[in-house]
Structures are given as structure tokens and as C-alpha cells.
Colleague: 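The structure follows.
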Amino acid sequence: MTCHFIHVNSVIPTADYKLKLTFENGEKKIFDVRPLLSQRPWASLRDLDFFMKAKVFGCSAAWDMETDIALRLKSCMETASQKRCNNRMACPAFL
């Protein structure tokens with residue numbers, strides 16, 4: 001997998017559908033997955049047992065070969081970088 005953004009080094013899923021992410025540069029962010037749960041391909045993440053199986057795969061967080069947040073995470077990182085801030089205005093998924 002070719003990554004065009006900073007790699008995720010660790011992921012900790014929480015019972016309220018958030019991911020605690022640590023990036024390769026040491027930065028930590030919380031990614032709120034709830035806004036994605038009604039969309040394909042993330043609808044399967046509504047199953048909390050499945051959601052809690054999140055792990056680092058390649059450079060992002062993933063659950064299986066079909067369910068990851070790489071493109072969404074890339075978009076949020078680019079938006080936050082362009083706006084030079086890491087607040088909810090830059091990307092609603094980051095808390």
C-alpha cells in the first residue's frame with residue numbers, strides 16, 4: 001500500500017465509535033467514525049464487536065480488506081493541513 005499521508009502507528013477503538021490514533025510523528029488524534037456509519041462501506045462498523053477489532057493495516061486503521069478509513073483519513077489530514085489547524089472546522093471527524 002502506498003501512503004500519501006502520515007502513517008498511523010497505533011489505533012485504539014472505543015465503545016463510542018471513536019478511534020484513538022497515534023501517527024508516526026507522535027501526534028495523537030481522535031477520529032469520530034459515527035458520521036460514516038450510515039455510508040457504504042462503513043455500515044458494517046455499526047456492529048460494535050466488529051468495530052472493536054480495528055487495527056493498523058498498511059498506513060491506516062482497518063477492520064478487514066474491504067473496510068478501512070484510509071481515504072477519509074487522508075482527506076481529513078489534507079484539509080487540516082491546508083487550514084493549518086486541527087479543529088472540527090477542518091475535519092468534522094477529528095475531535
Colleague: Output the distance between atom CG (L36) and atom CG (L45), rounded to the nearest 0.5 Å.
Modeller: 8.0 Å

Colleague: Applying side chain to side chain contact (heavy atoms under 4.5 Å, CB included) to V33 and L19, what does each step give before you reach the verdict?
Modeller: CA-CA 7 Å; V33 180; L19 300 174; 3.9 Å; yes

Colleague: Give me the atom names and distance for the closest heavy-atom approach of F50 to W63.
Modeller: O-CD1, 3.1 Å

Colleague: Would you please test F57 and D64 for side chain to side chain contact (heavy atoms under 4.5 Å, CB included) and show each step?
Modeller: CA-CA 9 Å; F57 181 77; D64 58 26; over 6 Å; no

Colleague: Indicate the atoms forming the closest heavy-atom contact of P41 with S44, along with that distance.
Modeller: O-OG, 3.8 Å

Colleague: Checking K28 side chain against F23 main chain: does a donor-acceptor pair fall under 3.5 Å?
Modeller: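 Answer holds: no.
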
Colleague: When rounded to the nearest 0.5 angstrom, what distance separates NZ in K20 from NZ in K29?
Modeller: 15.5 Å

Colleague: Can you see which heavy atom on P13 is nearest to which on V11, and at what distance?
Modeller: CD-O, 3.9 Å

Colleague: Is the side chain of E24 donor-acceptor paired with the backbone N or O of N9 at a distance under 3.5 Å, no angle test?
Modeller: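 Checking the backbone N and O of N9 against the side chain of E24, no donor-acceptor pair under 3.5 Å is found.
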
Colleague: Are V56 and I12 linked, directly or through other ILVMFWY residues, by side chains that come within less than 4.5 angstrom of each other?
Modeller: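 Different hydrophobic clusters.
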
Colleague: Supply the atom-to-atom distance T14 OG1 to M52 CE, rounded to the nearest 0.5 angstrom.
Modeller: 6.5 Å

Colleague: For D32 and Y17, which heavy atoms make the closest approach, and how far apart are they?
Modeller: OD1-O, 3.7 Å

Colleague: Under the side chain to side chain contact (heavy atoms under 4.5 Å, CB included) criterion, do D49 and F51 qualify, and how do the steps go?
Modeller: CA-CA 6 Å; D49 290 332; F51 180 80; over 6 Å; no

Colleague: Tell me the closest heavy-atom pair linking A15 and L48, and the distance in Å.
Modeller: O-CD1, 3.7 Å

Colleague: Crowded around K53 NZ? As in, over 12 foreign heavy atoms under 6.0 Å?
Modeller: no

Colleague: Do I30 and L21 pass the side chain to side chain contact (heavy atoms under 4.5 Å, CB included) test, and can you show the C-alpha distance, the side-chain angles, and the key distance before you say yes or no?
Modeller: CA-CA 6 Å; I30 296 174; L21 304 172; over 6 Å; no

